Amino acid sequence: MRIGFASIFAFRPHVEHLYYLSRLAQAAGHEVRMLACDAQLPYCYPRALKDAAAALECPKCIAGGLRSYAPRVASLPACRGAVGDAAREWADSSTCTVLRTESAEDRCTAEFIGLRERLAAGAQRAFDSARRWIAAQRLDAVACFNGRMDATRALCEAARASGIPFLTVERTWFGDGLQFAVNDNVLDLSQLDRLNAEYRDAPLTQAQARRIAHHLAARLLRRNDKEWRAYNRNAQAAAWPAAAGSGPRVLIAPGSRNEVEGHPHWAHGWTQLADGLDAVLDAVGAAAGSAVLRCHPNWAERIGRRTGAPSERYYGEWARRRGAHLIGSAATASTFDLIAQADLVIVTGGTAAFEASCLGKPVISLTPSTYRTAAIAAHVTSPAELPLARAALAPDAQRVRRGLRYGYTHTYRFSQYVDFVRAVTTTRYRYFDGADPRRLERMLRTGRVEADDPTLAAGVAGEDEVLALVEARQWQQLIDLPQPARERTAMRIGRRAGLRWIDGLRERFPTGDR
């Protein structure tokens with residue numbers, strides 16, 4: 001095959017990840033072609049995020065892009081066409097993320113419409129240019145980063161319009177390995193849905209259970225320093241702050257919607273999510289006055305030039321209107337302490353469901369999620385599914401076990417090349433020989449992500465040993481459990497001589513903004 005590796009945005013580990021994948025493709029005997037933007041777009045997501053001029057941002061992007069790894073990289077061909085409605089759709093997700101929208105009203109403002117139009121111009125040019133590149137290079141497939149944001153979405157659509165398969169690659173949840181979507185962008189749930197359904201009833205070996213319990217303990221002890229954004233790091237012990245009521249104690253832990261808006265796999269049937277909160281509280285017999293709404297710590301953080309104020313305002317207004325106890329995003333109250341004291345946790349697809357299920361707590365998600373086929377939460381994504389809410393409170397002896405299995409499937413089956421792509425920090429990686437170079441080709445040809453670790457335990461004995469420690473909440477012992485030792489030969493994957501200073505500079509920036 002002749003595979004094109006395209007990188008539009010730089011200063012993230014995805015550039016190095018793409019270069020690593022190009023090396024694997026070459027090892028499997030494929031021809032490789034590379035593409036960079038080289039300041040050919042009139043506007044793009046990084047410039048919008050930082051509100052930066054092209055003269056400031058584009059040189060940094062060029063210096064940090066694929067050219068700093070590989071000597072032969074093509075520039076986006078010069079191309080100029082009228083902006084179509086499709087390009088506006090491709091720009092929608094980026095616009096939501098830059099402005100950190102939460103409600104439908106946030107997406108109707110003049111600011112939103114104006115920014116989307118500017119990003120659409122870049123997306124249209126990326127699409128037209130990428131189609132020309134694909135045709136000129138006679139490519140059989142394309143790989144790129146993420147695929148949901150303006151120009152990267154346009155690259156995927158160019159491959160689709162050209163009738164060739166494509167892969168999008170993203171950093172994984174806990175850092176090790178790579179996350180792929182096949183013929184879709186990073187928001188695709190089909191592959192993870194399939195793997196969760198396939199493995200949710202499969203016992204873990206003791207070694208597998210240890211690996212995922214280590215991550216669980218690291219999160220609960222706030223030592224998860226390789227996640228892209230680790231929250232609540234300075235958390236303080238928190239007693240349940242709401243008044244006692246006759247119904248269950250409910251913790252509401254919503255996440256931001258802006259990064260998942262627009263993908264059909266994440267669509268829900270509520271007119272607005274506040275309606276879902278009202279309906280679920282009524283269905284489970286919980287009084288809003290005895291509920292706690294914990295605003296996501298992410299909303300207090302500045303990403304680019306924006307905080308999550310729209311999300312905090314939206315949920316804060318609901319809490320004040322209903323009399324729920326509100327904990328602001330900047331508060332240091334431990335979310336994990338609150339989960340441990342709750343009788344029910346309500347989320348909007350967020351990863352708090354992992355900890356909650358592993359703590360034996362029932363979870364209800366108002367939206368689709370990465371665990372919707374893992375049986376760790378009831379998904380009440382529309383009024384028609386409200387009967388599931390009451391059933392979620394029923395005792396379930398398998399809840400913790402399924403939580404561990406979901407965590408392992410997400411981290412060590414859905415994530416690919418986990419033992420060969422190892423995070424040192426959030427942005428610095430080490431790479432090792434021995435990865436199957438033909439897996440890329442199989443994904444492109446079959447449209448399926450294979451389980452990175454298909455190993456099954458013969459029984460539950462090993463899983464039970466670790467499960468007992470989880471149920472006893474022996475977090476320090478779990479984090480200290482020995483991890484599987486694997487001797488590998490390191491690969492030299494890095495920037496070309498004279499440009500390696502870029503990574504040292506990048507480490508100086510706040511985690512998540514590199």
Side-chain angles (χ1 to χ4, degrees), residues 172-177 203-241 249 251 253 294 296-297 327 331-343 345 347 350-363 371 376 397-412 415 418-419 422-426 428 430 453 457 460-486 511-512:
T172 63
W173 183 8
F174 291 120
D176 294 338
L204 300 174
T205 67
Q206 184 188 63
Q208 289 171 333
R210 282 179 173 183
R211 291 187 88 178
I212 192 57
H214 173 87
H215 291 297
L216 171 66
R219 291 198 108 200
L220 292 169
L221 294 176
R222 292 178 289 280
R223 289 163 61 180
N224 51 328
D225 55 358
K226 295 179 187 176
E227 291 187 45
W228 187 242
R229 289 186 182 276
Y231 302 111
N232 220 195
R233 298 300 294 273
N234 60 341
Q236 303 295 316
W240 190 260
R249 284 182 169 185
L251 174 65
R294 184 17 163 150
H296 200 293
I327 298 177
T332 59
S334 169
T335 302
F336 300 135
D337 281 0
L338 297 171
I339 291 173
Q341 297 170 79
D343 299 313
V345 178
V347 297
T351 58
F354 172 55
E355 288 88 358
S357 62
C358 289
L359 291 175
K361 305 297 180 176
V363 179
Y371 39 85
I376 69 167
Q398 300 303 308
R399 189 173 281 132
V400 180
R401 190 183 303 276
R402 286 197 300 269
L404 289 177
R405 290 176 183 175
Y406 158 72
Y408 192 83
T409 293
H410 194 148
T411 308
Y412 292 104
S415 301
V418 176
D419 291 329
R422 308 290 292 182
V424 179
T425 68
T426 54
R428 189 159 52 88
R430 296 187 69 199
D453 177 12
V460 298
E463 184 180 70
D464 281 347
E465 289 182 30
V466 178
L467 191 67
L469 293 174
V470 172
E471 291 180 331
R473 303 186 181 182
Q474 297 296 311
W475 308 129
Q476 189 60 54
Q477 188 172 348
L478 284 165
I479 206 170
D480 290 339
L481 283 173
Q483 299 298 298
R486 290 175 171 82
T511 300

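All values below come from the heavy atoms of this structure, side chains included, with hydrogens, waters and symmetry mates left out. This one's a predicted model, so the numbers in the text were calculated from it and none came from an experiment.
Ion pairing between a basic and an acidic side chain is recognised when a charged N comes within 4.0 Å of a carboxylate O; Arg422 and Asp176 show such pairing.
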Exercise for review: Report the C-alpha distance between Thr205 and Tyr408 in whole Å, list the side-chain angles of each, state the deciding distance to 0.1 Å, and finish with yes or no for side chain to side chain contact (heavy atoms under 4.5 Å, CB included).
Suggested key: CA-CA 11 Å; Thr205 67; Tyr408 192 83; over 6 Å; no
Point to revise | Audit row: Leu216, Leu478, side chain to side chain contact (heavy atoms under 4.5 Å, CB included) steps and yes/no | key: CA-CA 9 Å; Leu216 171 66; Leu478 284 165; 5.5 Å; no
**Study point:** Steps toward side chain to side chain contact (heavy atoms under 4.5 Å, CB included) verdict (Leu338, Ile327)
**Key:** CA-CA 11 Å; Leu338 297 171; Ile327 298 177; 3.7 Å; yes
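Although no hydrogens or angles enter the test, the distance criterion places no donor-acceptor pair under 3.5 Å between the side chain of Lys226 and the main chain of Gly175. Remark: the backbone N or O of Ala333 is paired with a side-chain donor or acceptor of Arg294 at under 3.5 angstrom. Between the side chain of Glu465 and the backbone N or O of Ala209, no donor-acceptor pair lies under 3.5 Å.
Two residues are said to be in side-chain contact when any heavy atoms from C-beta on lie closer than 4.5 Å; Thr411 and Arg211 fail this criterion. Within the 4.5 Å cutoff, the side chain of Ile479 has heavy atoms near those of the Gln476 side chain. Within the 4.5 Å cutoff, the side chain of Trp240 has heavy atoms near those of the Leu251 side chain. With a 4.5 Å cut-off on side-chain heavy atoms, Arg473 and Leu359 count as touching. By the 4.5 Å heavy-atom criterion applied to side chains, Tyr371 and Val347 are counted as neighbours. The closest side-chain heavy-atom distance from Asp464 to Arg401 is below 4.5 Å.
Pairing each heavy atom of Trp228 with each of Thr426, the nearest pair is CZ3-O, 3.7 Å. The two residues Ile339 and Ala356 make their nearest non-hydrogen contact at CG2-CA, 3.7 Å. Here the shortest heavy-atom pairing between Ser334 and Ala238 reads N-CB, 3.9 Å. Contact between Val363 and Ala353 at its shortest, heavy atoms only, is CG1-CB, 3.8 Å. Taking each heavy atom of Val466 and Ala213 in turn, the nearest pair found is CG1-CB, 3.6 Å.
Ring geometry, Trp173 versus His410: the interplanar angle falls from 30° to 60°, so the pair is classed tilted.
Rounding to the nearest 0.5 angstrom, the gap separating the CG atom in Leu467 from the CD atom in Gln398 is 8.5 Å. The structure places CD of Gln474 at 11.5 Å from CG of Asp480, a figure rounded to the nearest 0.5 Å. Between the CD atom in Gln236 and the CG atom in Asp337 there is a gap of 10.0 Å [rounded to 0.5 Å].
Just one of Arg405, Arg210, Gln206 meets the side chain to side chain donor-acceptor pair (under 3.5 Å) condition when paired with Glu463; it is Arg405.
Take Phe174 and apply the ring pair (Phe, Tyr, Trp, His ring centres under 6.0 Å) test, not counting sequence neighbours, and it matches His215. In this structure Thr172 satisfies the side-chain contact (heavy atoms from CB on, under 4.5 Å) test together with Gln179, Ser415, sequence neighbours excluded.
Aromatic pair Trp475/Phe336: centroids not less than 6.0 angstrom apart.
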